[in-house]
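Here's the structure we're looking at; comments come further down.
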Amino acid sequence: MSNASQSSNGNGLRLKTGLAEMLKGGVIMDVMNVEQAKIAEEAGAVAVMALERVPAMIRAEGGVARMAKPSLIKEIIASVSIPVMAKARIGHFAEAQILQALGVDFIDESEVLTPADEVHHIDKHAFTTPFVCGARDLGEALRRITEGAAMIRTKGEAGTGDVVHAVQHMRQIVREMKGLTVLSDQELYVAAKEYKAPYELIRMVAKTGKLPVPNFSAGGIATPADAALMMQLGAESVFVGSGIFMKERATPLDVELNEKGEPRNREEREEAVSRAKAIVTATTHFDDPKILAEASEQVTGSMKGLAAAALEEKELLQTRGW
Amino acid sequence: MADTEQSTTPRIGVLAIQGDFAAHADALRDAGAEPVLVRKPEQLAGLDGLVLPGGESTTFLKLLERANFLDSLQQFVKTSPTFGTCAGCILLAKEVLHPAQPSLGVLDATVERNAYGRQIDSVIENAETKLGLMELVYIRAPRIVKTGPDVEILAERDGFPVLVSQGNILAATFHPELSSDRLVHRYFVDRVREHAARA
């Protein structure tokens, strides 16, 4: 049986969530070039997200944010042995088809890019490659799972370095899941209507108290303590975007090597390496304050950040998707 | 009395640095063992066996190296029943290719990482094995390309071993923890019980 024919049946979905299972307890790092990808792998990232611009830069520079260039994605795939993810615009199934053809291991249908469809999300069952989607609440998470998402991540507010919305979204989803577990069968039908999600999924969550796919966290995680916080709140892994390789809002740290293979800017490269390593350690040992203190101490600097409360409603990325 | 109890419900560690350790803990519980999550060297004390789960082998290695955990882990797997799946199998092998990386070197085998391609090439198959007919879940699977004379092959795919045994070591390139039949985990828990009874 070919893989393509498996994508629509139960085994296809099990393979997709199976890869998500392998990524648990780890850090998925945004990278914009080969050197960053290598640093991420060396630091112990479980996967990298190949991007042309991290959310902090998209936010600062504006314009239409699209799928990364195929040449960049291919270069990154060739340079690391860990899984490579890439983002497609919400509803842009042609971008997703291209990412699948390039051999990307996971596709993120992401609110960080400019949405291509204001009504429809991608039919993710139509793909062999697994998808991850963002959610702010349980209803949104279950609607994405209905469409075939094999992993959910809280949206948070990407590109800010402010963890407040990631916390809000994780707490909301966990609270809503807990709430379902005490409802009667009669009440679950009403819950399905209120959450605008299929009854079958609502019943599944009510029975287990958790999502039927892995639940990761993203959007504003910038320090080892942020990663530990999200893991303690119930995240099964974390996505870290601008928190590792960014210096100021739109300027990355210089991590490139010169022709002799030496760091062009030793201090900045070491800062990026220290952040990457410390966040990985903090995610594994999220419940061990002593190790968290040591990991936090190793970090030689952090992203400047942008308070999410100072953003206007129209500047928020999390409101994209429905 | 305590001894009898111990021999019926062995305490088996699951390396929980990263990966699908929770799925393994569930599988061990179903197979009659008590799973213990292991993140630090001192947590190996008193365990009857150990599972190295699926996940990213590079992540395991980096974190083990940084925590000076490799030596005590190697000591444990040399003397106690250990079961590695996928990334865990890579960690146990004597030689790792594509790319080459360090390992615990207790299984006389050469393992090639991501040998079947990327996620799009992952697959679920049913196959007859020495443990019976079972489902085999392959996810970005490695391939055992060479085994030494002391390695027993319990299952094969296209002429390459996918489940192997050598002394205390059991290793699979697939993910029995993601299948609902607990055939391989029961087999491993039995081996742990036998080892504990001999000790």
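Letters A, B, ... mirror the listed sequences (proteins, then strands); counts begin at 1.
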**OP:** Please round to the nearest 0.5 Å and tell me the distance separating atom CZ of B:R140 and atom CG of A:D105.
**Re:** 4.5 Å

Subject >> Residue A:E236 versus chain B: region with a heavy atom under 4.5 Å >> reply: neither

**OP:** Inspect the surroundings of CZ in A:R203 and state if more than 12 heavy atoms from other residues, nucleotides or ligands are less than 6.0 Å away.
**Re:** no

Subject >> Selection from B:T58, B:V137, B:I17 maximising heavy-atom pairs under 4.5 Å formed with chain A >> reply: B:I17

**OP:** Please examine the side chains of A:E41 and B:K62, heavy atoms only from C-beta on, and report whether any two atoms are closer than 4.5 Å.
**Re:** no

Subject >> Region of A:V84 that comes under 4.5 Å of a non-hydrogen atom in chain B >> reply: both

Subject >> Region of B:I139 in contact with chain A, defined by heavy-atom distances below 4.5 Å >> reply: side chain

Original post:
Quick check: are there more than 12 heavy atoms from other residues, nucleotides or ligands sitting under 6.0 Å from CD of B:E152?
Top reply: yes

**OP:** Go through A:I82, A:T281, A:T129, A:V27 and name the one with the most non-hydrogen pairs under 4.5 angstrom from chain B.
**Re:** A:I82

**OP:** May I ask you to test the A:P130-B:Q119 pair for a side-chain heavy-atom distance under 4.5 Å?
**Re:** yes

**OP:** For the residue pair A:M22 and B:T59, establish whether any side-chain heavy-atom pair is separated by less than 4.5 Å.
**Re:** no

**OP:** Could you tell me the separation between the CG atom of A:L23 and the CG atom of B:D20, rounded to the nearest 0.5 Å?
**Re:** 10.0 Å

**OP:** Just do the side-chain contact (heavy atoms from CB on, under 4.5 Å) check on A:D288 and B:K40 with the steps written out, would you?
**Re:** CA-CA 11 Å; A:D288 188 327; B:K40 292 185 279 192; 2.5 Å; yes

Subject >> Validation row: A:I77, B:R118 side chains within 4.5 angstrom (heavy atoms) >> reply: yes

**OP:** Using non-hydrogen atoms and a 4.5 Å limit, figure out which bit of B:F60 sits close to chain A: side chain, backbone, both or neither.
**Re:** neither

**OP:** Side chain from CB out, backbone as N, CA, C, O: work out which of these in B:L63 comes under 4.5 Å of a heavy atom of chain A, or both, or neither.
**Re:** side chain

Subject >> Engaged part of B:R39 at the chain A interface, taking heavy atoms whose separation is under 4.5 Å >> reply: both

Subject >> B:S179 portion near chain A, given a 4.5 angstrom heavy-atom threshold >> reply: both

Original post:
With a 4.0 Å cut-off, would you call B:E56 and A:K24 a salt bridge?
Top reply: no

Subject >> Portion of B:Q101 that has a non-hydrogen atom of chain A nearer than 4.5 angstrom >> reply: neither

**OP:** Evaluate whether atom CD of A:E297 has more than 12 neighbouring non-hydrogen atoms of other residues, nucleotides or ligands under 6.0 angstrom away.
**Re:** no

Subject >> Distance (rounded to the nearest 0.5 Å) between B:Q18 CD and A:T284 OG1 >> reply: 7.0 Å

Original post:
Does a donor on one side chain and an acceptor on the other come within less than 3.5 Å for A:S81 and B:R113?
Top reply: yes

Subject >> From CG (A:L15) to CG (B:D121), nearest 0.5 Å >> reply: 11.0 Å

**OP:** Show your reasoning for whether side-chain contact (heavy atoms from CB on, under 4.5 Å) applies to B:H175 and A:E21.
**Re:** CA-CA 11 Å; B:H175 293 281; A:E21 290 286 334; over 6 Å; no

**OP:** Give, as side chain, backbone, both or neither, the part of A:A20 having an atom under 4.5 angstrom from any heavy atom of chain B.
**Re:** neither

**OP:** Inspect the surroundings of CZ in B:F76 and state if more than 12 heavy atoms from other residues, nucleotides or ligands are less than 6.0 Å away.
**Re:** yes

